[in-house]
There are 2 protein chains.
Amino acid sequence: MTDAPPLLDSVELGAYFALIEVAGLLRHQVEQQLNDVGGLSYVQFQLLARLALDSPTGSGRMTDLADGVVYSRSGLTYQAGLLEKAKLVTRGQAADDDRGVTLTVTGAGRALIAKVLPGHVEVIKDLLLQPLTRKQIESLFAVLEPVRQHMRAAPPRSAERRRRRSNSAT
Amino acid sequence: MTDAPPLLDSVELGAYFALIEVAGLLRHQVEQQLNDVGGLSYVQFQLLARLALDSPTGSGRMTDLADGVVYSRSGLTYQAGLLEKAKLVTRGQAADDDRGVTLTVTGAGRALIAKVLPGHVEVIKDLLLQPLTRKQIESLFAVLEPVRQHMRAAPPRSAERRRRRSNSAT
DNA sequence: TATTGTTATACTCTATAACTATA
DNA sequence: TATAGTTATAGAGTATAACAATA
């Protein structure tokens, strides 16, 4: 057993650690702002924002929302339940698939996002963007975007989703 | 009340979202590997790794460890307790300050880090580094490093630490 | 038979506030 | 009086597995 050769050089290590730390601190600060101003967790904000900002209809299917926001199905159900209880979304049958559930932002949901967004943006500017030049911001995006694509292509959650289904040893 | 003008353009938004998503997915995968192979949470791994890899003595002061790893004091005490119970670290008096507590990695702790590290590195390579050129990795580091410095300069946790102490209205 | 979503449950982590001891 | 660390406690979030209903 020779000792581990496949380590990382200092730049790779630095990029990795910086990524984790920066994202962690940023998320922590953002979470605090969201909670203070709107009583929202980050996941809840993401769900609401997706519906209110990304979807033209203000609606979305559970399964689609799960991807990229939440790691387990039950987790999404839990969060959707909280949002529904708070009257920020409604739950309804999906149009085409009778098993499906569709989440829709309410007016209150949109209002809350609008209320929370300015401070949210402020935190991002102050913490993440402020020390960077325009070029650096562009560079950050240019580098992270392919990584995101790559991660989505080999989906971590989807793998979990179907994990050990067709178990032949039954 | 005119509606929110101080929003972000698409590059800024893209950089922010990509950062959060990439770091989140990466951390999730890494966490799974650490847990599967070594029964460690990410925070526990970070603490152990700091002691085993960064410190020449294998020791560290609680307060110093808290910075950048854990968000609250009690959180660190909790994690230190777990690590101690698992015989991965020992707790002792700090040399100079009688209030201080020093954490020291044990042999078992070092062994566990060594056991876990190759797979850890593998995940980082596969998920984060693989789709990037060397230049991009360097660029990622070059951009994130000043952000990290900036975030540390306006410390979120330290602010919490001394929050409303010297209250003049006493 | 596979997929969508829910439920029950257990567990991990985090934060707050009160407290002790040392500087 | 301020700081280092611990404790008790409460709460939020997540994952697992079993389940019902539809494709």
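In what follows, chains are A, B, ... by sequence order, proteins preceding strands, each numbered from 1. When reading the values below, keep in mind they use all heavy atoms of this one structure, side chains included, and skip hydrogens, waters and symmetry mates.
- To the nearest angstrom, P of D/dG5 lies 16 Å from CD of B/Q79.
- You'll find the side chain of A/I113 reaches within 4.5 Å of the side chain of A/F45, heavy atoms only.
- Closest to the B/D98 side chain, of the nucleotides C/dA23, D/dG5, C/dC13, is C/dA23.
- As a whole-Å value, the separation of A/D96 CG from C/dT3 C1' is 13 Å.
- Per the geometry, OH belonging to A/Y78 stands 24 Å off P belonging to C/dT4, to the nearest Å.
- If you find the closest nucleotide of DNA chain D to B/D97 and to A/V43, the one lying nearer the 5' end belongs to B/D97.
- Rounding to whole angstrom units, CZ of residue B/R73 and P of D/dA2 are separated by 14 Å.
- You'll find that the side chain of B/T63 is closest to D/dG5, out of C/dT6, D/dG5, C/dT22.
- Panel note: side chain A/E145, backbone A/A142; no donor-acceptor pair is recorded below 3.5 Å.
- Looking at which nucleotide of DNA chain C each of A/R99 and B/R99 is closest to, the 5′-most match is held by A/R99.
- As a whole-Å value, the separation of B/M62 CE from D/dT3 P is 18 Å.
- Contact check, A/S41 against D/dG13: a side-chain N or O comes under 4.0 Å of OP1 or OP2.
- When rounded to the nearest whole Å, the span between CD of A/E84 and P of C/dG5 equals 14 Å.
- Among the nucleotides D/dT14, D/dT16, C/dT16, the one closest to any side-chain atom of A/S74 is D/dT16.
- Pairs engaging residues 90-118 of chain A under the ring pair (Phe, Tyr, Trp, His ring centres under 6.0 Å) rule: none recorded [sequence neighbours left out].
- For the pair B/L47 CG and C/dT14 P, the interatomic distance rounds to 10 Å; values are reported in whole Å.
- Every residue meeting the side-chain contact (heavy atoms from CB on, under 4.5 Å) condition with B/T104, not counting sequence neighbours, appears here in chain and number order: B/S59, B/T90, B/T102.
- Across all strands, A/L82 comes closer than 4.0 Å only to sugar-phosphate atoms, never to a base (heavy-atom distances).
- Phosphate contact (OP1/OP2 of D/dA15, side-chain N/O of B/Q32, threshold under 4.0 Å): absent.
- The aromatic rings of B/H120 and A/Y16 sit perpendicular, their planes meeting at an angle over 60°, well past the 30° parallel limit.
- Look at CG on B/L103: it is 16 Å from P on D/dA4, rounded to the nearest Å.
- Note on A/H28: a side-chain N or O is less than 4.0 Å away from OP1 or OP2 of C/dA15.
- Here A/G75 lies out of heavy-atom contact (under 4.0 Å) with every strand.
- Contact annotation: B/Q93 does not reach the phosphate of D/dA4 (side-chain N/O to OP1 or OP2, under 4.0 Å).
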